[in-house]
Amino acid sequence: MISLGATTIGDRLAVLSARGPGFDQIRLVAALTVVAHHAWWGTNDVLYRFSGGFIQFGLFAVVIFFCVSGFLLAPGLARSGDLVRFAVNRSLRILPALFVVVIASMFVLGPALTTYSLADYFGSAELYLYLKNAVTLMSHYLPGVVRHGHEVQVNGPLWTLNIEVWSYAVLAAMSVAGFLRRRALTMITFALVYFIYVGLALSPSLHAACPQRLLDFIGLFVYFIAGTTLYLYRESIPFSGIGAAVAVGGALIGLASGLGAVAMPLCIPYVVICLGLSEVASRVPLKHDLSYGVYLIHSPRSYWRS
């Protein structure tokens with residue numbers, strides 16, 4: 001269970017040999033939440049209504065992924081600064097399965113769903129633009145794949161992978177610049193990103209002036225860098241069930257009062273990390289992280305949603 005004493009996150013990591021017992025389970029639940037969001041709930045779910053339109057469960061699940069990634073990826077670079085190993089490991093994690101999904105979408109799913117003739121489908125330049133997804137550069141549509149007269153995004157949730165890769169790139173740059181060795185610099189980075197995120201969320205004019213891709217990046221990277229900051233300050237931050245409960249309460253109050261942007265980056269990463277390091281989330285044993293596979297292959301199911 002989560003400690004109620006003076007144990008720190010660093011103490012808990014030492015006991016667990018630097019691996020949390022519950023992160024795989026948390027990520028799987030988050031992936032299944034995204035599945036439910038696209039298959040049944042849509043954007044107008046209970047969290048969307050509770051937060052006054054600020055966030056829905058699908059995006060909340062993605063936020064969880066970024067909190068976990070920022071926390072789990074920081075240690076390797078903080079210890080060794082080995083960018084080659086970091087890049088190889090991240091590429092092997094993301095690209096092979098992504099390539100399979102993209103090719104299957106182009107040559108199995110697309111031909112099965114297209115309203116074009118097969119000759120027109122395979123002769124369309126739009127089909128081959130879809131290959132950009134294999135390197136996380138987005139192209140959302142396949143030729144002739146429509147529903148109710150409108151083009152359908154095929155594997156639309158892959159947009160988050162591009163932001164994940166950019167987050168890796170920023171973390172690598174921070175490592176080269178020495179930010180991970182001088183943790184105050186990472187804290188300053190988090191504070192800067194946080195205030196930009198809050199400013200964009202609370203100012204409609206700033207939000208409208210900012211490019212959508214930059215909004216998307218800031219909206220997820222703030223949670224990634226929060227996870228990294230929690231790791232770097234692990235020896236100073238209590239590992240506390242009471243603290244996690246207070247953070248949940250703070251997030252709920254923020255969401256209910258229209259200040260979700262203020263509360264969530266400060267509260268949710270801490271809750272996620274405490275759960276991942278506790279025994280609570282590990283009661284369903286998993287030998288492998290299944291979340292990425294679930295996330296990659298789930299989206300076509302939403303095409304058939306009534």
Side-chain angles (χ1 to χ4, degrees), residues 19 23-24 26-28 30-32 34-35 38 58-59 61-111 122 125-143 145 153-176 213-214 216-217 219-221 223-225 227-228 286-303:
R19 176 160 178 83
F23 286 119
D24 289 347
I26 289 172
R27 287 186 289 199
L28 179 58
L32 293 173
V34 175
V35 174
H38 289 117
L59 183 56
V62 173
V63 161
I64 290 173
F65 285 130
F66 276 76
C67 294
V68 172
S69 290
F71 184 80
L72 294 183
L73 295 182
L77 280 178
R79 285 192 301 267
S80 70
D82 189 339
L83 297 184
V84 173
R85 183 175 181 179
F86 178 76
V88 168
N89 287 343
R90 294 300 90 210
S91 297
L92 291 176
R93 161 74 171 173
I94 290 177
L95 296 181
L98 178 59
F99 180 78
V100 171
V101 167
V102 169
I103 294 300
S105 297
M106 293 173 64
F107 295 104
V108 179
L109 183 65
F122 286 108
E126 187 177 29
L127 172 64
Y128 302 100
L129 284 175
Y130 192 82
L131 272 172
K132 294 195 301 181
N133 290 291
V135 290
T136 77
L137 299 175
M138 292 307 302
S139 180
H140 291 296
Y141 304 104
L142 288 172
V145 178
Q153 287 192 3
V154 180
N155 290 313
L158 299 185
W159 68 270
T160 64
L161 297 183
N162 181 257
I163 296 176
E164 183 92 1
V165 169
W166 276 108
S167 298
Y168 298 162
V170 173
L171 185 65
M174 290 173 62
S175 175
V176 171
R213 290 303 292 166
L214 183 57
D216 292 340
F217 175 76
L220 293 178
F221 183 70
Y223 296 98
F224 184 96
I225 192 64
T228 297
L286 285 179
K287 293 184 178 180
H288 304 285
D289 176 19
L290 304 177
S291 61
Y292 184 56
V294 171
Y295 190 85
L296 280 183
I297 67 175
H298 85 274
S299 187
R301 167 64 181 86
S302 65
Y303 180 86

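Side chains included, hydrogens not; waters and symmetry mates left out as well; all remaining heavy atoms used. Please read these numbers as outputs of a predicted model, since none were measured by experiment.
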Exercise for the section: Given side-chain contact (heavy atoms from CB on, under 4.5 Å), test L161 with V165 step by step and report yes or no. Expected result: CA-CA 6 Å; L161 297 183; V165 169; 5.5 Å; no
Problem - Over 12 non-hydrogen atoms of neighbours within 6.0 angstrom of CZ in F99 - result: no
Problem - Minimum side-chain heavy-atom gap L83-L77 below 4.5 Å - result: yes
Problem - Minimum-distance pair of heavy atoms, taken over all atoms of A61 and A30 - result: CB-O, 3.2 Å
Exercise for the section: Verify the neighbour count for atom CH2 of W159: are there more than 12 heavy atoms of other residues, nucleotides or ligands below 6.0 Å? Expected result: yes
Handout entry: Interatomic spacing from OG in S105 to CG in L158 - rounded to 0.5 Å
Key = 7.5 Å
Practice task
Would you check if E164 and S69 make a side-chain contact, meaning some heavy-atom pair closer than 4.5 Å?
Solution key: yes
Handout entry: L72/R27 under side-chain contact (heavy atoms from CB on, under 4.5 Å): CA gap, chis, key distance, verdict
Key = CA-CA 12 Å; L72 294 183; R27 287 186 289 199; 3.9 Å; yes
Exercise for the section: Could you tell me whether the side chains of Y130 and E126 share a donor-acceptor contact shorter than 3.5 Å? Expected result: no
Fill in the blank from the handout: Here the gap from I163 atom CD1 to R213 atom CZ, rounded to the nearest 0.5 Å, amounts to 4.5 Å
Practice task
Quick one: do N133 and M138 satisfy side-chain contact (heavy atoms from CB on, under 4.5 Å)? Show the steps, please.
Solution key: CA-CA 5 Å; N133 290 291; M138 292 307 302; 3.2 Å; yes
Practice task
Kindly give the heavy-atom pair with the smallest separation between L296 and A97, and that separation in Å.
Solution key: CD1-CB, 3.6 Å
Exercise for the section: Could you tell me the separation between the OG atom of S139 and the OH atom of Y128, rounded to the nearest 0.5 Å? Expected result: 13.0 Å
Fill in the blank from the handout: Smallest heavy-atom separation, G81 atom then S175 atom, equals CA-OG, 3.8 Å
Completion exercise
For L131 and V102 the tightest heavy-atom approach is CA-CG1, 4.3 Å
Exercise for the section: Measure the spacing between CG of L109 and CD1 of I103 and express it to the nearest 0.5 Å. Expected result: 13.0 Å
Problem - Between CD1 on residue I26 and CZ on residue F65, distance to nearest 0.5 Å - result: 11.0 Å
Handout entry: Residue pair L220 / L59, side-chain heavy-atom distance below 4.5 Å
Key = yes
Handout entry: Minimum side-chain heavy-atom gap L171-F86 below 4.5 Å
Key = yes
Completion exercise
Nearest heavy-atom approach of L127 to M106 is O-CE, 3.3 Å
Practice task
Taking the side chain as every heavy atom from C-beta outward, state whether I94 and Y292 have any atom pair closer than 4.5 Å.
Solution key: yes
Practice task
For residues F122 and P111, report the shortest heavy-atom separation together with the two atoms involved.
Solution key: CZ-CG, 3.8 Å
Handout entry: Audit row: I225, T228, side-chain contact (heavy atoms from CB on, under 4.5 Å) steps and yes/no
Key = CA-CA 5 Å; I225 192 64; T228 297; 4.2 Å; yes
Handout entry: Contact check, side chains of V88 and L92, non-hydrogen atoms, under 4.5 Å
Key = yes
Handout entry: Nearest-0.5 Å distance that lies between atom OH in Y168 and atom OG1 in T136
Key = 10.0 Å
